[in-house]
Protein chains: 2
Amino acid sequence: MWVSATALAGDLGLSSILVRKDLSCTGLEGRPKYGFEIQPLIEAINISLGWDNTTDAILVGAGNLGTALTGYDGFMQYGLQIVAVFDSDPKKIGRKIHGIEVLNMNKVVDFIERTKIPMAVLTVPAVNAQKIAEKIADAGIRGIWNFAPVKLKLSKNIIIQRMDLASSFAELSSRLKEK
Amino acid sequence: MWVSATALAGDLGLSSILVRKDLSCTGLEGRPKYGFEIQPLIEAINISLGWDNTTDAILVGAGNLGTALTGYDGFMQYGLQIVAVFDSDPKKIGRKIHGIEVLNMNKVVDFIERTKIPMAVLTVPAVNAQKIAEKIADAGIRGIWNFAPVKLKLSKNIIIQRMDLASSFAELSSRLKEK
DNA sequence: TAGATTGTTAATCGATTAACAATC
DNA sequence: TAGATTGTTAATCGATTAACAATC
């Protein structure tokens with residue numbers, strides 16, 4: 001029924017102060033000696049992080065990574081719903097991956113304009129990423145979750161979130177060498 | 001032949017000061033008015049990040065994400081070489097993914113002990129992650145690149161690097177809501 | 001010489017932590 | 001009451017940026 005910031009901190013490997021500070025963003029108040037009521041806390045975190053109502057997204061680039069992401073159940077938990085997948089490879093177009101048909105890349109602009117879909121997951125090769133990003137941004141995409149190892153340059157009002165395998169591995173690699 | 005910190009900063013969307021500061025970690029000195037010689041710079045960055053000699057790694061968990069990662073060419077570029085893949089699903093064992101045979105999970109301890117392989121990429125379901133991590137850590141793995149959405153708790157001398165889809169998406173999601 | 005670029009010291013900024021009164 | 005936990009203010013820490021002399 002109840003969980004304390006101290007307990008959460010222990011499980012997460014963080015300090016209890018940090019947990020309390022972070023939880024304060026949700027607006028929820030804890031009860032001294034008890035901590036936080038679990039159900040309202042989950043609710044409040046979901047709302048605070050925008051996981052409460054699902055965000056529809058398209059996925060562009062049905063390669064290995066794109067396929068894996070399309071099939072990743074965990075996304076639903078975060079309120080992310082992939083509603084369409086695009087690729088320019090004729091061998092992939094028309095095939096289904098995890099129940100979603102791969103559509104022709106040349107339909108993506110029309111699709112975005114028609115559906116007003118706000119978000120795109122970008123899993124295309126690095127060389128194509130900038131051009132494709134510009135295209136979907138022009139069509140009206142508001143946020144891009146970019147898995148390509150490229151810094152996208154787009155107009156300021158497009159929100160870009162980079163998921164960077166390279167720098168994560170680089171960090172591990174250098175920490176491993178240090179020892 | 002030459003590239004300036006200013007130019008790199010422009011391409012990367014960073015400040016030139018930050019680029020110079022970061023490059024100073026490589027020990028390489030630039031030349032006023034010219035910048036840095038490109039080839040030695042690439043070399044120096046690779047050495048500095050530990051990308052110069054390849055790190056052998058095993059991958060545990062041949063699901064969608066594990067399969068995608070195994071086939072990801074980009075890893076070689078960072079000096080990461082996946083030499084063996086493990087899974088406990090009988091349907092997967094014996095099959096090849098991207099040219100690498102999937103081995104039975106029950107052989108992983110023996111494999112690590114025999115080959116003294118230093119690193120593991122962990123792409124197993126969240127519920128199994130802690131147990132499997134403990135197992136391979138006991139067997140002698142020194143670094144774990146963890147893709148499971150779990151904070152692993154292991155002995156201090158094991159280096160853990162977390163690759164966190166959830167928090168990346170959470171950030172994008174909240175930035176999207178803000179507007 | 002003038003201007004671009006370097007490396008470094010000091011200042012700024014934001015995030016984490018310490019300290020502590022308030023509360024159940 | 002005593003002890004655990006809360007929320008908050010102030011201190012610390014590390015990373016980024018500003019400022020600037022040195023150099024080609």
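Quick note on labels: first sequence line is chain A, next is B, and so on, each numbered from 1. Both backbone and side-chain heavy atoms feed into the values below; hydrogens, waters and symmetry mates do not.
Other residues, nucleotides and ligands contribute only 12 or fewer heavy atoms inside 6.0 Å of the CD atom of A:Glu29. For CG of A:Asp110, the number of neighbouring non-hydrogen atoms (other residues, nucleotides, ligands) closer than 6.0 Å is greater than 12. Surrounding OH of A:Tyr34 are at most 12 heavy atoms belonging to other residues, nucleotides or ligands under 6.0 Å away.
In this structure, the CG atom of B:Leu18 is 14 Å from the C1' atom of C:dC13, given to the nearest Å. Straight-line distance from the CD atom of B:Glu37 to the C1' atom of C:dT5: 16 Å, rounded to whole Å. As a whole-Å value, the separation of B:Leu23 CG from C:dG7 P is 8 Å. Here the C1' atom of nucleotide D:dT6 and the CH2 atom of A:Trp2 are 12 Å apart, to the nearest Å. In this structure, B:Leu14 atom CG and D:dA18 atom P are separated by 13 Å, rounded to whole Å. The distance from atom CZ of B:Arg31 to atom P of C:dT5 is 13 Å, rounded to the nearest whole Å. Look at CG on A:Leu28: it is 12 Å from C1' on D:dT6, rounded to the nearest Å. A:Asp22 has its CG atom 10 Å from the P atom of C:dT17, to the nearest Å.
Nearest to the side-chain atoms of B:Lys21 among the listed nucleotides D:dG7, D:dA10, C:dT9 stands C:dT9. You'll find that the side chain of A:Lys33 is closest to C:dC24, out of C:dC24, C:dG7, D:dT6. Which of C:dT9, D:dA18, C:dG7 sits closest to the side chain of B:Ile17 comes down to D:dA18. In this structure, the nucleotide among D:dC24, C:dG7, C:dC24 sitting nearest to the side chain of B:Arg20 is C:dG7. Side chain of B:Pro32, nearest nucleotide from C:dT8, D:dA4, D:dC24: D:dC24.
Across the strands present, D:dA10 finds its partner in C:dT17; the criterion is a Watson-Crick or G-U wobble pair with both atom distances under 3.5 angstrom. Nucleotide C:dC24 has D:dG3 as its partner under the Watson-Crick or G-U criteria, with both atom distances under 3.5 Å.
Contact check, A:Ser15 against C:dT17: a side-chain N or O comes under 4.0 Å of OP1 or OP2. Of the side-chain N and O atoms in B:Thr6, one or more sit less than 4.0 angstrom from OP1 or OP2 of C:dT6.
Nearest-nucleotide assignment on DNA chain D puts the 5′-proximal partner with A:Tyr34, out of A:Tyr34 and A:Ser24.
Under the 30°/60° scheme for interplanar angles, the aromatic rings of A:Phe86 and A:Phe111 are found to stand perpendicular.
For the pair A:Gln130 (side chain) and A:Lys153 (backbone), a donor-acceptor distance under 3.5 Å is present.
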